[in-house]
2 protein chains.
Amino acid sequence: MVNRLDDVVTGALEVLDAYGLEFCSMRRVAGHLGVQPSALYHHVPDKQTLLALMADRIVAGVSTPDAGPVEKRAYALCHDLRAAMLGIRDGADVVATASAFRLGASRLEAELVDVLGDRDGSRTLLLFVFGHTQATQMHRMAASVGAVEPDDDLDGSFDRGLEIILRGLC
Amino acid sequence: MVNRLDDVVTGALEVLDAYGLEFCSMRRVAGHLGVQPSALYHHVPDKQTLLALMADRIVAGVSTPDAGPVEKRAYALCHDLRAAMLGIRDGADVVATASAFRLGASRLEAELVDVLGDRDGSRTLLLFVFGHTQATQMHRMAASVGAVEPDDDLDGSFDRGLEIILRGLC
DNA sequence: ACCTGAACACCGTTCAAGT
DNA sequence: ACCTGAACACCGTTCAAGT
């Protein structure tokens, strides 16, 4: 079986969605691809790099609308980003961790700075989106296992947090 | 050698500060305490619980001043919390992860709700403090190894982010 | 270019047994 | 109450070698 780097990332995302980050090991990804664990190191120098590539793919379709009032554009980006991360198991964890590593240098942050014209404001907004989405995803997981009573207004809480920051920003 | 739960948490925090979260394994903590790995399970049901106890200890001294204008009290709490997490290697990671698990149910969030009278505002503020401090600590680690040019205004960036949220809140 | 097979130095956790 | 010793089922990564 022949794999390219793209196939490896795709396979890793399939394992992530099926088993969660905790069990998304190099050995499991290799098994899923029908290959020995060591074969992955032909495509990727280490696990951290693979996780960064997975994060890039998760947010690949997210971007800022290029028309409308500043506030609406920022709002739309944040909502898209949240949806993309919620679209795959543990997606928020994967993206947040990878992004923390290059804070100040991520595409999303650069786009937001472009829209808002405010470095610290963009960072504040992004950190909130990551943090809140991680908490949402964690809470949903815990609730689906019955470990906690479900919170039915996580989306509302996200919106209101977003509005607090945008209010302070504009 | 006889250990209590408190000694185990203390030992774990020493290992954390000396080697970082990545190498803060149950086996290493046990070794540090001069005990077999299995001995830890007499004190703690699993690693996750130990990490939660470590997080509690890291923020144990943090609390809201009970006088002054609302904004100053919230500001002081956030700064104290940040300082406590920065006071130990990977402290922000440990506290943020443990807190994400009980969002809505942590002592710090309850105190903040008391001061601000706003659930979503408190959550927004806390998520920012965790996210920004994690990024700060990560960046400092990377800079100290020469992997990245040091950013000399992380503290200023934190303050400005805090002000954006407090402005939107009051 | 892409992969195998074997090895190295680790993990978290369980469990019977000891004191 | 606190711990040992041994085991189980895993990790990430390296490296010589194969096609």
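By convention in this document, chain letters (A, B, ...) are assigned in the order of the sequence lines, proteins followed by strands, and residues within each chain are numbered from 1. Predicted model, so just to flag it, every value in this text is computed and none were measured.
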Distance check needed: [N] [atom2] versus [X] [atom1], whole Å only.
{"X": "A/Y41", "N": "D/dC11", "atom1": "OH", "atom2": "C1'", "result": "9 Å"}
{"X": "B/H42", "N": "D/dG5", "atom1": "NE2", "atom2": "P", "result": "17 Å"}
{"X": "B/E22", "N": "C/dA9", "atom1": "CD", "atom2": "P", "result": "18 Å"}
{"X": "A/L50", "N": "D/dG12", "atom1": "CG", "atom2": "P", "result": "10 Å"}
{"X": "B/L21", "N": "C/dC11", "atom1": "CG", "atom2": "P", "result": "13 Å"}
{"X": "A/L40", "N": "D/dC11", "atom1": "CG", "atom2": "P", "result": "12 Å"}
{"X": "A/K47", "N": "C/dC10", "atom1": "NZ", "atom2": "C1'", "result": "14 Å"}
{"X": "B/F23", "N": "C/dG12", "atom1": "CZ", "atom2": "P", "result": "12 Å"}

Between the side chains of [X] and [Y], is a donor N or O closer than 3.5 angstrom to an acceptor N or O?
{"X": "B/D46", "Y": "B/Y41", "answer": "no"}
{"X": "B/N3", "Y": "B/H42", "answer": "no"}
{"X": "A/E109", "Y": "A/S122", "answer": "no"}

For nucleotides [N] and [M], find the distance between their [atom1] atoms and express it as a whole number of Å.
{"N": "D/dA9", "M": "C/dA9", "atom1": "P", "value": "23 Å"}
{"N": "D/dC3", "M": "C/dC15", "atom1": "C1'", "value": "13 Å"}
{"N": "D/dC8", "M": "C/dC11", "atom1": "C1'", "value": "12 Å"}

Requested in this report: Could you pick out which residue, A/R27 or A/Q36, lies toward the 5' side of DNA chain C when each is mapped onto its nearest nucleotide?
Outcome: A/Q36
Query raised in the report: Relative to the 5' end of DNA chain C, which residue comes earlier, B/R28 or A/P37, by the nucleotide with the nearest heavy atom?
Result: A/P37
Query raised in the report: Counting just side-chain N and O atoms, does A/N3 come under 4.0 Å of either OP1 or OP2 of C/dC2?
Result: no
**Report entry** Watson-Crick or G-U wobble mate for D/dA1, both contacts under 3.5 Å
**Finding:** C/dT19
Requested in this report: Under a 3.5 Å limit for both distances, which nucleotide forms a Watson-Crick or G-U wobble pair with D/dA6, could you say?
Outcome: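 Checking every strand shown, D/dA6 finds its partner in C/dT14, with both distances under 3.5 Å.
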Query - Closest nucleotide among D/dC11, C/dC15, C/dA6 to the B/S38 side chain - result: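 Comparing D/dC11, C/dC15, C/dA6 against the side chain of B/S38, the answer is C/dC15.
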Query raised in the report: Ring centroid separation for B/F101 and A/H139, is it under 6.0 angstrom?
Result: no
Query raised in the report: Can you check whether B/P65's main-chain N or O pairs, donor with acceptor, with B/R73's side chain at less than 3.5 Å?
Result: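 Yes; judged by distance alone, with no hydrogens or angles, the pair exists.
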Report summary line: The answer to which of A/P45 and A/S25 contacts DNA chain D further toward the 5' end, by nearest nucleotide, is A/S25
